[in-house]
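Here the structure is laid out as structure tokens; the discussion comes afterwards.
Model, not experiment: these values are computed from the prediction.
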Amino acid sequence: MDYDIIIAGGGVAGLTTAIAAAKYSKQNLRILVIDRNPRAEVGKKSPNGWVCGDAVSKRSLEYASSNSDVTYGEPEIEHKVQGVLLFSPDHETSVLFEGEGYLLNRRLFSKKQMLEAEKRGVEFRFNTAVTGLLSEDGRVVGVIGRDVTSNVRFNARAKLVVDATGAASRLRANLPIKAKIEREIDKDDLEATGRYIYTFKPKKEDKTYFDPDYCLIHLDQDLAPGGYCWTFPKGVDKVNIGLGVQKRALDERNKKLNRSDTLQSLIDTYVRNNKALDEPRLSQNPNDQGNTLGNWQVPVRRQNQCLVANGYALIGDAAWMPRPIDAGGIGPALYAGIILGRVAVEAVEASDVSEEGLWRYNLEYMRLYGYQMASFEVLRRYLQTLPNDDINFGMKHFLSREDIEHITRREHPEFNKIQLFNPSMWVRILQRPKLARRLKAVSDASKKLINHNLNFPEDPSNFRQWQKDLNDILLMIYQKLSLVQ
């Protein structure tokens with residue numbers, strides 16, 4: 001073998017895995033990161049830059065830092081916020097959606113991670129696209145690639161290949177061995193997202209439109225059908241602003257309103273409608289060079305039901321890890337990267353990179369972070385069907401203090417206020433009986449899904465039954481909510 005571990009993709013997921021693997025290695029393993037970008041642009045997601053919302057929670061970054069011995073600070077951390085506020089379409093109700101966090105400069109964050117990986121002995125190959133996998137005897141044994149500048153073919157063999165190549169991963173889709181991994185994602189579980197990084201002159205103080213201390217998420221089925229809008233502060237006069245849409249929901253909205261809006265036209269409308277931003281213009285800061293505007297596709301469903309195969313593991317967007325409710329991908333990538341880095345090293349050093357030898361990655365990620373993603377997928381799918389009036393009403397009248405605390409802890413709301421034995425709620429429930437009934441159904445399904453995922457099988461032998469039961473629960477709730485799976 002040329003390497004012990006090859007990591008395809010130099011984004012947050014791939015680099016976190018590389019750093020963690022180097023930290024936990026006791027045998028001086030050879031680790032290679034392959035990135036299609038030049039060294040100066042490591043981790044760049046598209047020709048438009050490191051296109052991202054840039055937000056990460058404090059606890060996610062602290063988890064990665066404490067488990068990898070990497071300290072993050074300025075300039076890769078650009079701005080600190082007290083939390084994330086989720087606003088109803090009418091801007092009258094807000095919910096604290098997340099606690100303290102940071103806005104990153106993604107360009108500098110990737111550079112920081114690359115340098116930390118190199119300090120720990122990780123090798124890099126830049127300007128190289130990984131186009132396929134080598135396999136022998138039912139296991140992955142390396143990668144096939146090409147140099148993007150010279151078009152020269154590149155092959156390398158490894159005991160383990162980590163796929164961090166993004167949502168459109170060709171490696172996963174064309175996996176050449178039998179595996180429990182899902183190969184394709186439903187197009188309705190992808191959202192088209194785009195954003196600008198602007199500087200601006202403060203116009204009118206309205207903290208429902210811009211708040212330097214909070215990331216703002218706006219639900220609005222007219223502006224972001226099937227998705228949401230965001231205004232994330234990167235300072236008192238700088239912002240990451242954009243939105244995401246589901247294609248089917250956008251098509252239905254355009255047909256209903258006799259419009260022909262696109263993702264880009266909706267983003268521009270959202271910016272124009274912001275009452276707090278005056279004369280927004282693309283950031284001229286050198287640290288934002290090549291990264292001020294762009295769009296990308298984000299998976300918004302539960303993570304791939306299986307993350308490993310013989311000699312192969314998935315992570316990040318390639319594993320559909322972004323949170324279904326808000327498309328946040330940095331946090332999941334940090335958690336998964338630490339877990340996979342450690343499990344990968346243990347498997348390689350034990351000479352067992354089989355599906356079974358890597359299985360603890362599945363188990364530990366599910367128990368630490370992934371167990372709630374199926375329940376948030378159900379909530380996301382249901383919210384996508386609601387008109388703005390129902391969202392306004394539900395957020396104002398059906399969310400209890402306990403629900404808000406659940407949401408802040410990234411837990412599923414239980415909508416405990418929707419109880420027929422609560423006389424003060426009768427009138428409101430009768431105003432929206434279908435909404436009340438279905439919100440409770442979503443909450444009940446959430447409990448079943450969380451309990452089921454926390455009982456993820458400890459070895460591959462029981463996976464098929466677990467998978468069948470999961471799909472049965474999802475089918476049941478989608479039928480109950482009249483949603484198409």
Side-chain angles (χ1 to χ4, degrees), residues 167 172-173 175 177-190 299-310 312-325 332 335-336 339-340 343 354-385 406 409-416 437-485:
R172 181 199 65 237
L175 187 61
I177 62 173
K178 290 184 178 180
K180 297 177 175 65
I181 290 170
E182 298 169 273
R183 309 297 177 95
E184 300 290 347
I185 189 171
D186 189 301
K187 64 181 180 180
D188 284 344
D189 289 327
L190 286 170
V300 284
R301 53 154 274 178
R302 64 198 182 280
Q303 70 271 13
N304 201 302
Q305 292 174 352
C306 181
L307 303 173
V308 300
N310 296 330
Y312 176 80
L314 282 168
I315 193 168
D317 285 15
W320 311 327
M321 284 182 171
R323 290 182 299 266
I325 199 67
Y335 285 109
I339 295 169
L340 177 55
V343 171
S354 66
E355 176 188 74
E356 187 169 4
L358 296 166
W359 195 258
R360 278 200 311 107
Y361 169 44
N362 266 332
L363 184 64
E364 291 189 23
Y365 182 74
M366 181 67 85
R367 288 180 175 175
L368 177 67
Y369 196 88
Y371 65 95
Q372 293 198 79
M373 296 306 110
S375 68
F376 280 125
E377 176 187 329
V378 171
L379 180 58
R380 185 266 301 171
R381 286 198 180 202
Y382 179 57
L383 287 176
Q384 285 177 326
T385 69
H406 280 308
R409 296 194 299 266
R410 287 284 187 204
E411 297 171 359
H412 201 290
E414 296 183 358
F415 304 106
N416 283 327
R437 185 170 62 252
R438 290 192 169 184
L439 284 173
K440 282 303 293 180
V442 168
S443 177
D444 293 342
S446 167
K447 294 174 185 176
K448 289 182 181 179
L449 288 166
I450 288 173
N451 288 334
H452 183 71
N453 287 339
L454 287 174
N455 287 305
F456 189 86
E458 297 194 2
D459 62 72
S461 63
N462 296 317
F463 175 79
R464 291 301 184 193
Q465 185 60 52
W466 174 89
Q467 183 183 48
K468 179 182 181 302
D469 292 343
L470 173 64
N471 292 334
D472 286 347
I473 296 171
L474 288 170
L475 180 60
M476 176 193 69
I477 183 59
Y478 289 145
Q479 289 176 339
K480 192 169 186 177
L481 297 173
S482 301
L483 301 175
V484 177
Q485 188 176 18

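- Not counting sequence neighbours, the partners of Leu481 by the side-chain contact (heavy atoms from CB on, under 4.5 Å) test are Val378, Tyr382, Arg438, Ala441, Val442, Ile477, Leu483.
- Residue Tyr361 comes nearest to Leu314 through the heavy atom pair OH-O, 2.7 Å, listed as atom of the first residue, atom of the second, then distance.
- Note that NZ of Lys187 is 10.5 Å distant from CG of Leu190, once rounded to the nearest 0.5 Å.
- Looking at residues two or more places apart in sequence or on another chain, you find a ring-ring contact (aromatic ring centres under 6.0 Å, His included) between Phe463 and Trp359, Trp466.
- Partners of Leu358 according to the side-chain contact (heavy atoms from CB on, under 4.5 Å) rule, which considers only residues two or more places apart in sequence or in another chain, are Leu160, Val308, Ala347.
- Distance CE/Met366 to CG/Asn453: 4.0 Å, rounded to 0.5 Å.
- Between atom CG of residue Leu175 and atom CG of residue Asn310 there is a gap of 9.5 Å, rounded to the nearest 0.5 Å.
- Taking a 6.0 Å sphere around NZ of Lys180, one finds it holds more than 12 heavy atoms contributed by other residues, nucleotides or ligands.
- Taking CD of Gln305 as the start and CG of Asn471 as the end, the distance is 5.0 Å to the nearest 0.5 Å.
- The backbone N or O of Ala318 lies less than 3.5 Å from a partner atom in the side chain of Arg172, making a donor-acceptor pair.
- Residue pairs meeting the salt bridge (charged side-chain N to carboxylate O under 4.0 Å, His left out) criterion with at least one member in residues 356-374, sequence neighbours excluded, are Arg342-Glu364, Glu346-Arg360, Arg360-Glu364, Arg367-Glu458.
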### Task
Just do the salt bridge (charged side-chain N to carboxylate O under 4.0 Å, His left out) check on Glu355 and Lys178 with the steps written out, would you?
CA-CA 11 Å; Glu355 176 188 74; Lys178 290 184 178 180; over 6 Å; no

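- The backbone N or O of Ile181 lies less than 3.5 Å from no partner atom in the side chain of Asn304, so there is not a single donor-acceptor pair.
- Here the shortest heavy-atom pairing between Leu340 and Ala313 reads CD1-CB, 3.9 Å.
- Taken from OG in Ser446 to CG in Asn451, the straight-line distance is 9.0 Å, to the nearest 0.5 Å.
- Applying the side-chain contact (heavy atoms from CB on, under 4.5 Å) rule to Pro322 yields the partners Val298, Pro299, Asp317; only residues at least two apart in sequence or on another chain are considered.
- Every residue meeting the side-chain contact (heavy atoms from CB on, under 4.5 Å) condition with Leu383, not counting sequence neighbours, appears here in chain and number order: Ile325, Leu379, Leu386.
- Listed by chain and residue number, nothing satisfies the side-chain hydrogen bond (donor to acceptor under 3.5 Å, both in side chains) test with Gln479 (two or more places apart in sequence, or in another chain).
- Arg301 places no side-chain N or O within 3.5 Å of a backbone atom of Trp320 that could act as its donor or acceptor partner.
- With rounding to the nearest 0.5 Å, the separation of CG in Leu449 from OG in Ser375 is 6.5 Å.
- Applying the salt bridge (charged side-chain N to carboxylate O under 4.0 Å, His left out) test to pairs two or more places apart or on separate chains, those with a residue in residues 465-480 are Lys468-Asp472.
- With sequence neighbours excluded, no residue forms a side-chain hydrogen bond (donor to acceptor under 3.5 Å, both in side chains) with Gln303.
- The side-chain hydrogen bond (donor to acceptor under 3.5 Å, both in side chains) search around Asp459 returns Ser461, not counting sequence neighbours.
- Stacking of Arg381 on the aromatic ring of Tyr478 is recorded, both the 6.0 Å distance cut-off and the 45° axial limit being met.
- Checking side-chain atoms of Asn362 against main-chain N and O of Cys306 turns up no donor-acceptor pair under 3.5 Å.
- Among residues two or more places apart in sequence or in another chain, the side-chain hydrogen bond (donor to acceptor under 3.5 Å, both in side chains) test is passed with Arg380 by Asp189, Gln384.
- Side-chain contact between Val300 and Arg323 is absent, with no heavy-atom pair separated by less than 4.5 Å.
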